[in-house]
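Structure first, then comments.
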Amino acid sequence: MLDKNFDPKSFEDKFSFDIEASKRNPKGEPFMVLLPPPNVTGNLHIGHSLCYTLQDILARYKRLRGYDVLFQPGLDHAGIVTQLLVEKKLYSSGVERGSLTREKLLKEIWFWKENSGGMILKQMKKIGISCDFSRLRFTLDDKSKKAVTKMFVKLYNNGLLSRGQRMVNWDPLIGTAISDLEVIEKEVKGHLWHIKYFFEDDSGFIPVATSRPETLFGDVAVAVNPKDERYKHLVGKNVKIPLIDRLIPIIADKYADPKKGSGAVKITPAHDFNDFEVGKKHKLPVIDIFTPKAALNDTVPEMFRGMDRFEARNKVVELLEKMDLLVSVENVKQMLPFGDRSGVILEPRITYQWFVNAERLAKPAIKAVKDGKINFIPKHWENLYFEWLNNIRPWCVSRQIWWGHRIPAWYSSDGQVFVAETEEEARRQAIKFYGKNNVELTQDNDVLDTWFSSGMWPFVTLGWPEKNKDLSRYFSNMIVVTGFDIIFFWVARMIMMGIFALGKVPFKNVYIHGLVRDEKGNKMSKSKGNVIDPLTLCDQYGSDAVRYTLATLASPGRDLKMSSQLVETGRNFLTKLWNVVRFAQMNGCTYNQHFDINDVAHPINKWIIFEVKQMVRNVENALDNYRFDEAAKIIYQCLWNNFCDWYMEFIKPVLQQTSIDNSRVEGYNLSQTLLKKDVRDTVAWAIAQFIAVLYPITPFISKRLNGEFGIVDVKWPKIDDISGDYSESIKDVEILKEVITSVRSIRQFLRIPASEVLQAKLESQDIQVHDFIKDHRDIISRMCNVTFAETVEKSIPLVLNGAVLHVVIGDKVDIDSEIKRLTKESADCMKMRDAAMFRLNNTEFMKKASEEVVEEHKKRVSTLNSKIEKIEGVIRNLENVR
RNA sequence: GGACAUUUAGCUCAGCGGUAGAGCAUCACCUUCACACGGUGGGGGCCGCAGGUUCGAUCCCUGCAAUGUCCACCA
């Protein structure tokens, strides 16, 4: 028996690692859910919960529908994040910064990974993610290493990957290059210093504006616009760099914008992307003034050497001021690039790096989406995808850290590079190249961008480069569910690398979910203190409630505003389910495998069967179209409204009959006892369907109730087996509902206490309606506390569709207010009728509107007319009485 | 500067070329033997603004406004 209190804790732990749930069905059509591998350092935040829950709903749903679902988990080594985290731990435990060798640090990180990494897997189990944990992969495991190396060599051999000296975004804190995507632009307050650059002969100066005066040591020219009247006569002259007096030329270049700054701009090729281009164009030298940590190096005057860039800036400004070399200082807002991991201001820096020719890889990736081989859901995200891929720049894939896939490139002493899958192979190449017996080689020190291996995830998880059954079965049959923020980082790269490696697209659909925000719509952040922890919510309300709530909020193309109140609503819904099952159980309803739905004769049972059938169809539709929100709401509405509020109330009189009663049920050819059995079976059947459709969303409670209710396996409802005509039953029940609602409504309107028994009499020309209501008097009595009488004296009539119900209210009737109420009701009806009439009288409408619409309007007019007629009659009667 | 999204009840959001919906909140009544994490009944809307298409627009088109996001630029 189910406990009176619904306590998710009492069963959720038991089902949190449910090996059965991830079972595959080799006979089904293949379907893979590509779980984005979380960082090995990660903790489950609310965004993960959403992403994984939606995936899990799909996985479980597809399994129930007979698909062979592979839902494979994994962890991402997360290069920079992990290395920073472990280093920080080591340094705080007394290890001297920089004292560790590569091998020692890697050993420490692996040690950390084995002991504290992957916490998130446990947390995923807690929210019920049904992936196959026996297939857990790591982006840095041996198989991945092999695959990544192979991919690198393949790209290199195809001319899609090369090493070059270019300007990259450099993170001076970590000491590595990073890709454009890892740069976060932020607005900060800064200054614009207008500095005097004196002419060689000291005859005057040209004012040069800069926000970075410390870089003047690296200046190689001053550029002015060739059309700038103020300066064009100066082109060709030399000026002296302040403080160091090195001579540099004034050059003419369109890049100098007369409207910006002073119109004259200093050119520092080593430390600015634009200046680098200008320098190249004018064949100017490059003077790098920084160390990798962005301190000033030996190219600058001694007093600045070793000084940090910001300290140097202050010092330079101070000196310029002292020497009267400043024209003015402006306060400005400027956008500066920050490293997304380190949070420090980045430096453009010229270094040797490995670059992937992303432009060439992008072409087929763009085509695949254009041709509809891959669909984004919602579709508008394709715009973002195209925009980025159409303007893609070379992808810098080398990182100057140690934790990651080491680049499979070896150098000889003269700098010749050999790229191969193994050192032996590289050596063979080198020996052949030099024609010597042996060549000394050293491996590239750098590792690959974490996203390089992530981009290969769809096929690395399936065993590539081995050819195997999984790869041919699941590749191209996947769904990716993820946030818009990693369309570039991950989705685009998977498509590019997938097509390159296997010649076909990795997946057909990409579902992009929204961002989970706090209840006010603010982004969650630690600094704001508005972070909602999914695990706390799970503890408080149960994992199912959290999953259910996330599903209801996941309407496509929208961010989600999450609050504990909403989870509470979800929990309340599950409590309702719990209680109705408990009630069914108390009344001897157990799942009957041999129950034949098509044998059901009683209209109330037929009605709920139809409603459940509709619900299942709608849920299927919703989930097939990734409408998680709709699916959740459809079930909610049907279970709470139709099943609990109406059906269960309807059948209480039957269920609560205690003795065996073989008398015939009025109007039907079955005994009371048989009806009771039918009702019990119907209740159990309906509950089984609810449990099944809820299972993808709320697996824990489904499993729990399932076991309790005698259902062997959760099976998706087979609604196609339900045949027959339900229209009469639906009509009957609709009238029954209307009768009950009207009585309840009038009772509250007249403030008649629920405890007071009312008398009523129904009049209907329609024999079917009349008989049906007569047959179900007990239900009406029970649900609105009325008894049926023959008298209509001192009663008020309620006008229904096809019937009038007279409710005797004795002296309580206030004729004036009753007339007022009825007048309003009739006016409302007339308004609606007139609107419909207006259209029917419009010749254009009659000519152009579809037949069905015209029919519907005609029917509406006639129904409303008869209702109005009845109400008017009632009003006339009342007026006569008064 | 460019692009995309959003705008519907107090709040959060569905919806749809043909009678405007849900949950929460609110108001009233009810501790009735599944459930007060409950039941019953009610109130509450120029469907952002202005045009256009249409017999008919909350829905389609154009413009505008507000909000949000992304990309680009900045001496």
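The figures here come from the full heavy-atom set of this structure, side chains too, leaving out hydrogens, waters and symmetry mates. Note on naming: letters A, B, ... go to the chains in the order of the sequence lines (proteins, then strands), and numbering restarts at 1 for each one. Please read all numbers here as calculations on a predicted model, not as lab measurements.
rU7(B) and rA14(B): their C1' atoms are spaced 15 Å apart (whole Å). Straight-line distance between the P atoms of rG41(B) and rG23(B): roughly 12 Å, to the nearest whole Å. When the P atom is used for both rC60(B) and rG15(B), the distance is 12 Å, rounded to whole Å. When the C1' atom is used for both rG38(B) and rU32(B), the distance is 11 Å, rounded to whole Å. The separation of rC55(B) from rA3(B), taken at their P atoms, amounts to 34 Å, rounded to a whole angstrom. Annotation: rC46(B) and rU8(B) have their C1' atoms spaced 12 Å apart (nearest Å). Rounded to the nearest Å, the gap between the P atom of rC37(B) and that of rC70(B) is 41 Å. rA9(B) and rC59(B) have their P atoms separated by 15 Å, with the value rounded to a whole Å.
Nucleic acid contact for Y636(A): sugar-phosphate only, since backbone atoms but no base atoms lie under 4.0 Å from a heavy atom of the residue. No engagement by A835(A) is indicated, since no non-hydrogen atom pair under 4.0 Å with the nucleic acid exists. Among the protein residues, R582(A) comes within range of the sugar-phosphate backbone only, with heavy atoms under 4.0 Å from sugar or phosphate atoms but none that close to a base. In this structure, F838(A) reaches neither bases nor backbone, as no heavy-atom distance under 4.0 Å exists between it and the strands shown. Within the 4.0 angstrom heavy-atom criterion, no nucleotide atom of any strand lies near K379(A). Residue contacts shown for M335(A) include a base, since a base heavy atom lies under 4.0 Å away. Among the atoms of the strands shown, none is found under 4.0 Å from any heavy atom of R782(A). Across all strands, A849(A) comes closer than 4.0 Å to base atoms (heavy-atom distances). Heavy atoms of T741(A) sit under 4.0 angstrom from primed sugar atoms or phosphate atoms, though from no base atom. Nucleic acid contact for E649(A): base, since at least one base atom lies under 4.0 Å from a heavy atom of the residue. Across all strands shown, C644(A) has heavy atoms under 4.0 Å from base atoms, whether or not it also approaches the sugar-phosphate.
For rC55(B), the base has no donor-acceptor partner in the side chain of K847(A) [N/O atoms by modelled type, under 3.5 angstrom]. The base of rC55(B) does not come close enough to the side chain of R839(A) for any donor and acceptor atom to sit less than 3.5 Å apart.
Under 4.0 angstrom from either OP1 or OP2 of rG38(B) there lies at least one side-chain N or O belonging to N572(A). Between Q565(A) and the phosphate of rC37(B), there is no side-chain N or O to OP1/OP2 separation shorter than 4.0 Å. Residue K561(A) places none of its side-chain N or O atoms closer than 4.0 Å to OP1 or OP2 of rC11(B). Taking 4.0 angstrom as the limit, T569(A) places none of its side-chain polar atoms (N or O) nearer than this to OP1 or OP2 of rG23(B). Under 4.0 angstrom from either OP1 or OP2 of rG39(B) there lies at least one side-chain N or O belonging to K576(A). One finds no side-chain N or O of W640(A) lying less than 4.0 angstrom from the OP1 or OP2 phosphate oxygen of rG38(B). An OP1 or OP2 oxygen of rG42(B) is reached within less than 4.0 angstrom by a side-chain nitrogen or oxygen of S745(A). The side chain of R558(A) places an N or O atom within less than 4.0 Å of a non-bridging phosphate oxygen (OP1 or OP2) of rU7(B).
Within the cation-pi definition used here (under 6.0 Å to the ring centroid, within 45° of the axis), K576(A) does not qualify as a partner of F643(A).
For Y548(A) and rG23(B), the OH to P distance is 11 Å, given to the nearest whole Å. We find that NZ of K186(A) is positioned 18 Å from P of rC73(B), with the value rounded to whole Å. Spacing between atom CG of D485(A) and atom C1' of rA5(B) amounts to 15 Å, rounded to whole angstrom units. Regarding W381(A), its CH2 atom lies at a distance of 17 Å from the P atom of rA3(B), rounded to whole Å. Whole-Å rounding puts the D559(A) CG to rA5(B) P distance at 14 Å. The nearest whole Å value for the distance from the CG atom in N391(A) to the P atom in rA72(B) is 9 Å. What separates CZ of F845(A) from C1' of rU19(B) is a distance of 13 Å, to the nearest Å. The nearest whole Å value for the distance from the CG atom in L553(A) to the C1' atom in rU12(B) is 8 Å.
Ranked by how close their nearest RNA chain B nucleotide is to the 5' end, N641(A) and T552(A) are led by T552(A). Toward the 5′ end of RNA chain B lies the nearest nucleotide of Q748(A), the other residue of the pair Q748(A) and E844(A) mapping further downstream.
Checked against the 6.0 Å centroid criterion, the rings of W646(A) and F650(A) qualify as a close aromatic pair.
Closest approach to the V853(A) side chain among rG18(B), rC35(B), rC24(B) is made by rG18(B) (side chain taken as heavy atoms from C-beta onward). For T575(A), the side-chain atoms get nearest to rC35(B) when compared with the rest of rC35(B), rG41(B), rG18(B). Relative to the side chain of R860(A), the nucleotides rA72(B), rU19(B), rG23(B) differ in distance, and rU19(B) lies closest. Taking every side-chain heavy atom of R744(A) into account, rG41(B) is the closest of rG41(B), rC13(B), rC35(B). Nearest to the side chain of R751(A), among rC29(B), rC35(B), rA3(B), sits rC29(B). Nearest to the side chain of K523(A), among rA72(B), rC70(B), rA5(B), sits rC70(B).
With L694(A) as the fixed residue, the side chain to side chain contact (heavy atoms under 4.5 Å, CB included) test singles out one of L577(A), L705(A), V619(A), D544(A): L577(A).
Taking the six-membered ring where the residue is Trp, W578(A) and F6(A) present tilted rings, their angle falling between 30° and 60°. Taking the six-membered ring for Trp and thresholds of 30 and 60 degrees, Y511(A) and F628(A) have ring planes more than 60 degrees apart, a perpendicular arrangement.
Here NZ of K858(A) is found 13.5 Å from OG1 of T863(A). Values are rounded to the nearest 0.5 Å.
Both distances falling under 3.5 Å, in either a Watson-Crick or a G-U wobble arrangement, place rA28(B) opposite rU40(B). Partner assigned to rC73(B) is none, using Watson-Crick or G-U wobble distances below 3.5 angstrom. Under the Watson-Crick and G-U wobble criteria, each requiring two contacts below 3.5 Å, nucleotide rG56(B) is left unpaired. With a cut-off of 3.5 Å on both Watson-Crick or G-U wobble distances, the partner of rC11(B) is given as rG23(B). A 3.5 Å limit on both hydrogen-bonding distances identifies rC49(B) as the Watson-Crick or G-U partner of rG63(B). Checking rC4(B) for Watson-Crick or G-U wobble geometry (two distances, each under 3.5 Å) identifies rG68(B) as its partner.
Without hydrogens or angle criteria, K333(A) side chain to E187(A) main chain gives no donor-acceptor distance under 3.5 Å. Not a single donor-acceptor pair under 3.5 Å links the side chain of E382(A) to the backbone N or O of N375(A). Judged by distance alone, the side chain of N530(A) and the main-chain N or O of K523(A) form a donor-acceptor pair under 3.5 Å.
Using a cut-off of 4.0 Å between Lys/Arg side-chain N and Asp/Glu carboxylate O, K633(A) and E630(A) are scored as not salt-bridged.
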